[in-house]
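So the structure is just underneath, and the comments pick up after that.
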Amino acid sequence: MSAPAAPDLGLADALRGAGAAIDREAEVPQRLIGELARSGALGAMVPEEYGGRPMSFAAYGRLCATVAAESAALQSLLTVHGMVCLSIARWAGARARAEFLPRLATGELLGAFALSEQEAGSDMRAIRTTADGSAAGWVVNGEKKWISFGTVAGLFLVFARTESKTGSKTESKAAGTAAGGELALLIERDAPGVRLRPAPRTTGFRGGMLGELVLTDSQVPPERALGRPGTGLSRTALGALTLGRLCVAFGSLGLARSACDAALDHSGHRRQFGVPLRDHQLVAGLLADAVAATEAAELHCERAAAALDGDDEWSQFHVLLAKLTASRAASTAAGAAAQIHGAAGLLEGSPVDRYVRDARVMEVIEGNTQLIQQLVSAQAVARRRATRAQEPCHAR
Amino acid sequence: MTTHASIGADHVTTDPTDPTEPADPADPADPTATVDQDELIRQETTRFLHRYIDEAELRSGDQLITAGLLDSLATVALVAFVERRFAVPVLDEDLDLANFDSIAAIVGFVRRKQDR
């Protein structure tokens, strides 16, 4: 399917055929990460003054779609690395920015996002990792799970709950308080008290190189905290997740396009009952629904990116809507492609088998579909109330 | 130049041609110039909060955040509203319940920022 042009970073040759190999080997080859770095893609969320090659949100989104069309797992590297770069550029102090951003921009250092825990998935306020303040900085203890590219990342953006001096956990407060609350911290892979282990293998995003982070009395200097206690979740995590959701939306769009292409091609080649599959009306229905969902997703993605680039007041609403519609479009298109391929779509390692498994992940990461629905609904109510407040009284 | 400022902007630039920009209270042509500034901020903030909180449920002394009337996204939207509407930058050190947990606190915060 045709699409708005993504920035040409010369990645076409490197990406061609990479999806199947990444899925089969359950890892992204270092050579391919090097190609991404060389292209400037890893510096897209880093300001120029730190060696980055900043892109608009629209350009970055289209790049994510292009990469995910080949490999959704590889695209998730752009998601998490971009989230870490953006967070440091926006909320870290000058010293941490100068220390990390140049190396993140070149890909010498890969960033990973460490928020989820065993008991804290959608409910991010349930995190139990603690950061205890001391004169030398913070002492962090806890375990983080489901960290994309955690096995190869060199720098982790970790979210922890600060403790009072008596050791009791501070109440979480949405806007944050000076006294305590959640805090975002930068922790290097080789810092004392840091242990990494590979996560159990997942069915989708097999090349996502998931890791788990175990922090035991890990000492973090004060300048590696982003913002103040209390700003960790409401400002840093939500800000990073906004970019993450945009990337997942565009990634879903890329996956959906590939699934549509596979469905359309196969339905033309494969003949049953003397005619191509696409001439059967029920198959045409599958094709039409897949294409309609994918085209709608593209509009939502482009609208969301334009809202972020234009600093639109309702950009959160549009990003959430894009994530919701695009991840569902990926499921619809992948499901249609698999159904149209019949038994061939059940072959392990076939492209459509991979699309189905990866599409499921898109409806889970960066907020599952049901959570996103709840947020979209709340934003839609707020938007309606804002509109109604501007209407003349007789129109209400 | 791309700055990615729309996510977590710490500083807000104002556009004097934008009708949604705050009125200049010193402008004699501005009809709001005669309105008490605290009351103006209170009214504007209350109108914004009605996006997220039913009118019948919102009272002037309510704790907005600690009582759970605003969720995280709404809180972020509130901070962005204060930055945009009243042209006051909200820095990390300003993100304190003492500044945002009630309408009165927001009025006080905006006035202190404007007076600097």
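This structure is a prediction, so every number in the text was calculated from the model and none was measured. Lettering follows sequence order; numbering is per chain, from 1.
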Taking the side chain as every heavy atom from C-beta outward, state whether [X] and [Y] have any pair of such atoms under 4.5 Å apart.
| X | Y | value |
| --- | --- | --- |
| A:E182 | A:F159 | no |
| B:R84 | A:D311 | yes |
| A:F317 | A:D312 | no |

Which atoms of [X] approach chain B - backbone, side chain, both or neither, heavy atom under 4.5 Å:
| X | answer |
| --- | --- |
| A:M45 | both |
| A:E313 | both |
| A:L246 | neither |
| A:L238 | side chain |

Using residues 106-115 of chain B as the side-chain source, report each donor-acceptor pair under 3.5 Å to any protein atom, sequence neighbours left out, with the distance given to one decimal.
{"unit_1": "B:R111", "atom_1": "NE", "unit_2": "B:D38", "atom_2": "OD1", "d": "2.7"}
{"unit_1": "B:R112", "atom_1": "NH1", "unit_2": "B:G108", "atom_2": "O", "d": "3.4"}
{"unit_1": "B:R112", "atom_1": "NH2", "unit_2": "B:N99", "atom_2": "OD1", "d": "2.9"}
{"unit_1": "B:K113", "atom_1": "NZ", "unit_2": "B:P89", "atom_2": "O", "d": "3.2"}
{"unit_1": "B:K113", "atom_1": "NZ", "unit_2": "B:D94", "atom_2": "OD2", "d": "2.7"}

ring-ring contact (aromatic ring centres under 6.0 Å, His included) with B:H4: which of A:F57, A:Y60, A:W91?
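Exactly one candidate clears the test, A:F57.
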Quick one: what part of B:I53 sits under 4.5 Å from any heavy atom of chain A, side chain, backbone, both or neither?
backbone
